There are 2 protein chains.
Amino acid sequence: MIKRHTKDLLYEQVARIGKAVSSPKRLELLEILAQGEKTVEALAAEARIDIKLASAHLKVLKAARLVEAQRDGRFIAYRLSGNDVSALWVNLRTVAEEHLVELKVAMDQIFAAPENLNAETRRSLMEKARRGDVVVIDVRPSDEYASGHLPFARSMPLDEILQRIKELPADKEIVAYCRGPFCMMSAEAVALLKEHGYRAQKIADGTPEWQAAGLPLAES
Amino acid sequence: MIKRHTKDLLYEQVARIGKAVSSPKRLELLEILAQGEKTVEALAAEARIDIKLASAHLKVLKAARLVEAQRDGRFIAYRLSGNDVSALWVNLRTVAEEHLVELKVAMDQIFAAPENLNAETRRSLMEKARRGDVVVIDVRPSDEYASGHLPFARSMPLDEILQRIKELPADKEIVAYCRGPFCMMSAEAVALLKEHGYRAQKIADGTPEWQAAGLPLAES
DNA sequence: GACATATTCTAATAATCGTTAGAATATGCG
DNA sequence: CGCATATTCTAACGATTATTAGAATATGTC
C-alpha cells in the first residue's frame, strides 16, 4: 500500500501548474507569449501593468516551468516553454467559454459576431486563401507575424493598415485575424476596412487556436 | 478603442477556471469524478479528507461550473459538467509531467515502469483485445466500470481479484488499467497476478486519457 | 409530522498571495 | 573600469484562501 503522503505529492505538482494559471494577469501574459517571445518591458506594456509586477508574475510562471527566459543583449526575452503550454491556454479558455455564462455574455457584448471556427471551416479557409479567393491578413505587430502565422496570410499590422490599404484588392473578401478570441485588433481592422469600402470579416482564431486544432503554421 | 477594464473581465473569467484547478485536493476530486459520478461521502473517503472540506472544495468547483450536483435520494451526486473538464485535467497533468522534473522523479520512484501509450499503441492494444490476444481488465470499483470503460475490457475490481483470479486465462497476457497515471490500483493488481503465476502488465491510461486521445469508450 | 442522517452554511484562525515601493544586481557600452 | 539601464530581489501591506469546528438546512423514512 502506497502512502497517502506520496500520492499527495503528485497532485501538488499538478497544482503548481494550476496556481500558475489562476491569475488573470498571468493568463494574459501567457496569451501574449503564445504570439512569440517578448521582453519583460514589452509584456508589461502590452498587459498594461508595472514592469516590476510583470517580472513577479513571470517569476511564478517560470517556477512552474511554463515559460523560460533567455538573455538577449540588454533585454531578457521570455517565451513559452513548449507548444503544449499554448494548447493549455486554449484549453482553459475554451472550457471557460463553454461553461461560464458570464464569459459568453461579456464576449457577446464586446464582439458583435463571434466567428468560431471548426475543423472544416479552418481547412476550407486555408484552401480559399491558397487559391487566392480570399486575402487573409494578420493584423498583429510584425514581430509576432514573424514568429509564426497562418498559412497564406500576409502581415498587415493594425497601425499600418490606413497607410497600406491600397495594397489590398478591393474586389476580394478580406479575412482578418489577430491573437485570438480575446483580442480586439481584428475587429478594429475590419471596422477600418469597411469604412473604406472593403468587404472584410474577422475570425476568432489566432495562431494558438490554429495550432491547437492540429493545423500547421507558416514561418517565413 | 475598447477599455482595459472590459478586457480584464475576460481574463478574470478564465482565471476562475484556473483558481478552481489550483488546489491539489480539488484536482484529486476532479480525477475521481472523471471516473463517474460520486456522492460527497464517497469523494471524501476516496480523497481521504473530511466531508466538510470535500463539500467546501466541491462548492468551489461548482462555482467554476466544472462540476454539477444532482440530488439522488438521500445523497447528492456530483459529476463533471462535461467531457472537456476531464480533458482539461488530462491536459494539466500532461503539462505537469512534461515540464516539472520533480513530478517525473516522484513518478519514477512510485511506479517502476511507467507505460505511457501513444496513439498507435492504443489502437494496437484495442485490436489485440478485440481479437482476444490479450485480456484487458479494469481494476476500478465496479460502479466506475459501469459509467464507462475501455473497449473489450472486463471488470475485475482490485479487491475481488484474489477470489476471482480463476476467471482469468493463465496462458494469455493480462493488461490492467485503473484511473490513470496517478492511480496505483493497476500496479497492485499486476503484483498480485504475477504472484500467482500470471503474465501481467499495466498501462498508464485510464478512461480520461483514453477519451482525451480521441478514442471511444464502451458503456455496457 | 418527527427523527435520523447527509450535506451545506457560518465563523474564526493561520497561511498564502497580489501589489507596490525601494534597494540591489547584471549586462552592454563607452 | 565605471556608467546607464533593464531586470530582479526584498520588505511590507492588505486581501484572499484553506482548514477546522459548530450550527443549520434538507431530504427520506418511520
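Residue numbers start from 1 in every chain, and the chains themselves are labelled A, B, ... in the order their sequence lines are given, proteins ahead of strands. All figures in this text were calculated on a predicted structure; none of them were measured in a lab.
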Open item on the list: For A:Val60 and A:Arg71, find the nucleotide of DNA chain C closest to each by heavy atoms; which residue's nucleotide sits nearer the 5' end?
Closed with: A:Val60
Quick test of your reading of the model: are [X] and [Y] salt-bridged, counting only N-O distances below 4.0 Å?
{"X": "A:Glu98", "Y": "A:Lys104", "result": "no"}
{"X": "B:Glu97", "Y": "B:Arg93", "result": "yes"}
{"X": "A:Asp138", "Y": "A:Arg140", "result": "yes"}
{"X": "A:Arg179", "Y": "A:Glu144", "result": "yes"}
{"X": "B:Glu28", "Y": "B:Arg48", "result": "no"}

Open item on the list: Let's see if you get this right: which residues in residues 14-26 of chain A place a heavy atom under 4.0 Å from DNA chain D?
Closed with: none
Can you tell me if [X] uses its side chain to pair, donor with acceptor, with the backbone of [Y] under 3.5 Å?
{"X": "B:Tyr145", "Y": "B:Pro157", "result": "no"}
{"X": "B:Tyr78", "Y": "B:Leu29", "result": "no"}
{"X": "B:Gln211", "Y": "B:Pro208", "result": "no"}
{"X": "A:Ser86", "Y": "A:Gly82", "result": "no"}

Open item on the list: With heavy atoms of chain B within less than 4.0 Å as the criterion, where does contact along DNA chain D begin and end?
Closed with: D:dT17 to D:dG28
Open item on the list: Report for the helix from C:dG1-D:dC30 to C:dG30-D:dC1: angle between first-end and last-end helix axes, five pairs each, rounded to 10 degrees.
Closed with: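 Between the first-five-pair axis and the last-five-pair axis there is 30°.
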Open item on the list: Checking A:Glu31 against B:Tyr11 for the side chain to side chain donor-acceptor pair (under 3.5 Å) test, could you report, in this order, the C-alpha distance in whole Å, the side-chain angles of both residues, the deciding distance, and whether it holds?
Closed with: CA-CA 10 Å; A:Glu31 191 196 27; B:Tyr11 293 103; 2.2 Å; yes
Task: Distance below 4.0 Å between A:His57 side-chain N/O and C:dC17 OP1 or OP2 - done: no
Task: Between C1' of C:dA21 and NZ of A:Lys52, the distance in whole Å - done: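 Value for this atom pair: 5 Å.
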Show me the donor-acceptor pairs within less than 3.5 Å that the side chains of residues 53-68 of chain A make with the rest of the protein, sequence neighbours left out.
unit_1, atom_1, unit_2, atom_2, d
A:His57, ND1, A:Arg26, NH1, 3.2
A:Glu68, OE2, A:Arg79, NH1, 3.1

Hey, what are the protein-to-nucleotides 10-12 of chain C N/O distances that come in under 3.5 Å?
none

Open item on the list: I'd like to check the side chain to side chain donor-acceptor pair (under 3.5 Å) partners of B:Glu41; sequence neighbours left out, ordered by chain and number.
Closed with: none
TODO: Determine, step by step, whether B:Glu167 and B:Arg154 satisfy the salt bridge (charged side-chain N to carboxylate O under 4.0 Å, His left out) criterion, reporting the C-alpha distance in whole Å, the side-chain angles of both residues, the deciding distance to 0.1 Å, and the verdict.
DONE: CA-CA 11 Å; B:Glu167 295 176 26; B:Arg154 50 189 294 183; 3.2 Å; yes
